[in-house]
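None of the values given here were measured: they were computed from a predicted structure.
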Amino acid sequence: MNESLNDNESSFPLPWIQANDVNESLELSAFFSVFTINPWDIMLCISGTIIACENAIVVAIIFYTPTLRTPMFVLIGSLATADLLAGFGLILNFFFQYVIQSETISLITVGFLVASFTASVSSLLAITVDRYLSLYNALTYSSEKTELWIHMMLVVTWGVSLCLGLLPVLGWNCLDDDSSCSIVKPLTKSNVTFLSTSFFLIFILMLHLYIKICKIVCRHAHQIALQQHFLTASHYVATKKGVSTLAIILGTFGASWLPFAIYCVVGDHDYPSVYTYATLLPATYNSMINPIIYAYRNQEIQRSMWVLFCGCYQSKVSFRSRSLSDV
């Protein structure tokens with residue numbers, strides 16, 4: 001009888017130990033469920049890291065190369081700086097979202113991203129204007145008046161971008177009224193609608209300028225061919241290459257940003273967040289592609305890269321001024 005009691009007593013703690021194990025496993029499950037990371041946020045963070053690395057190289061090259069001080073390279077440096085800040089903003093947004101959760105920090109991070117991406121899109125517009133002026137006013141393009149105009153564009157670009165980035169921090173947010181939120185919390189619906197409308201205007205203006213650039217390129221190529229008294233194959237090649245480059249530039253820009261801009265207007269805060277991520281992620285790819293289109297294809301920047309990383313340069317690479325196909 002005593003032996004059976006002892007056996008029963010020894011068996012009593014076992015269910016209690018199992019219950020503890022179950023409770024601990026439930027606590028661990030709850031812990032990990034709270035800190036589950038959204039795969040979309042991981043992809044945005046990876047995108048931000050690639051963007052930051054790519055554009056940091058461009059900024060370093062332009063900063064440490066004294067010969068890259070012409071208006072064209074100043075504008076490319078502005079674009080690379082904006083995209084670099086956007087990349088850092090995506091990384092910081094990921095860090096603060098999962099490590100330091102605060103409404104104030106969220107406002108600052110979102111405002112930082114708004115300012116960076118606005119400066120990036122505005123710098124693209126400034127580059128488009130510069131390319132148009134360099135072809136339309138080819139004889140007076142290098143004058144001091146042109147440099148002053150470029151610097152004024154940069155001041156306006158970064159000034160407006162900074163103001164738009166500060167608006168959420170200064171009170172234009174939906175922290176006190178969830179019904180006024182947009183697809184990008186804590187931005188209000190009116191805020192993202194204003195930003196999207198501004199983007200549409202910039203896109204239309206860029207499209208108009210690139211159509212005019214295309215006409216100038218075709219006309220110049222035709223005039224050169226007529227001066228040679230016959231249309232050579234190089235005439236068609238140069239024209240085709242110039243038009244293809246314009247199509248790639250504008251097509252990449254539109255394909256990256258238009259889905260997100262349209263969804264900002266038609267979407268609502270109670271829509272599934274996957275739609276926001278699915279349109280926002282391609283928009284970040286534009287900042288990833290910009291240095292490839294505007295910087296790494298440039299032969300002077302290629303030479304500076306060889307000097308910066310290898311201490312040498314390829315003598316076979318010829319360096320020339322902007323041609324009809326380099327638009």
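- Residues Val121 and Phe203 have side chains not in contact (no heavy-atom distance under 4.5 Å, counting atoms from C-beta outward).
- Val184 is not connected to Val169 by any chain of hydrophobic side-chain contacts under 4.5 Å among Ile, Leu, Val, Met, Phe, Trp and Tyr, and they are in different clusters.
- Follow the hydrophobic side-chain contacts under 4.5 Å out from Ile211 and you reach Ile249 in the same cluster.
- Taking the six-membered ring where tryptophan is involved, the planes of Tyr275 and Tyr263 are perpendicular, since the angle between them exceeds 60° and thus also 30°.
- Without hydrogens or angle criteria, Arg297 side chain to Ile293 main chain gives a donor-acceptor distance under 3.5 Å.
- Using a 4.5 Å cut-off on side-chain heavy atoms (C-beta onward), Ile57 and Tyr296 make contact.
- Between the side chain of Arg69 and the main chain of Ile62, a donor-acceptor pair closer than 3.5 Å is present.
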**Q.** Full working for side chain to side chain donor-acceptor pair (under 3.5 Å) between Trp158 and Ser78
**A.** CA-CA 9 Å; Trp158 285 95; Ser78 172; 3.0 Å; yes

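- For Thr252 against Asn286, the heavy-atom pair with the smallest separation is O-ND2, 4.0 Å.
- Shown are Asn55, Asp83, Thr81; of these, the side-chain hydrogen bond (donor to acceptor under 3.5 Å, both in side chains) with Ser120 is made only by Asp83.
- Side-chain contact between Ser123 and Thr157: present, with at least one pair of heavy atoms (C-beta onward) separated by less than 4.5 Å.
- The SG atom of Cys214 lies 13.0 Å from the CG atom of Leu209; values are rounded to the nearest 0.5 Å.
- Residue Asp270 qualifies as enclosed at atom CG: its count of foreign heavy atoms under 6.0 Å is above 12.
- Centroid-to-centroid, the aromatic rings of Phe95 and Phe88 stay 6.0 Å apart or farther.
- Linking ILVMFWY residues whenever their side-chain heavy atoms come closer than 4.5 Å, directly or via other members, places Tyr294 and Ile150 in the same cluster.
- Ile91 and Leu113 fall into different hydrophobic clusters, where Ile, Leu, Val, Met, Phe, Trp and Tyr side chains are chained together by heavy-atom contacts under 4.5 Å.
- Taking the six-membered ring where tryptophan is involved, the planes of Phe194 and Trp172 are tilted, since the angle between them lies from 30° to 60°.
- Between Lys189 and Asp268 there is no salt bridge, since none of the side-chain N atoms of the basic residue sits less than 4.0 Å from a carboxylate O of the acidic one.
- Looking only at distances, a side-chain donor or acceptor of His151 sits under 3.5 Å from a matching main-chain atom of Glu147.
- Within the 4.5 Å cutoff, the side chain of Val114 has no heavy atoms near those of the Asn191 side chain.
- Ring pair Tyr98/Phe94 is tilted by interplanar angle, where 30° to 60° counts as tilted.
- The list of disulfide (SG to SG under 2.5 Å) pairs with a residue in residues 175-207, not counting sequence neighbours, reads Cys174-Cys181.
- Following chains of ILVMFWY side-chain contacts shorter than 4.5 Å, one can reach Val156 starting from Met206, so the two form part of one hydrophobic cluster.
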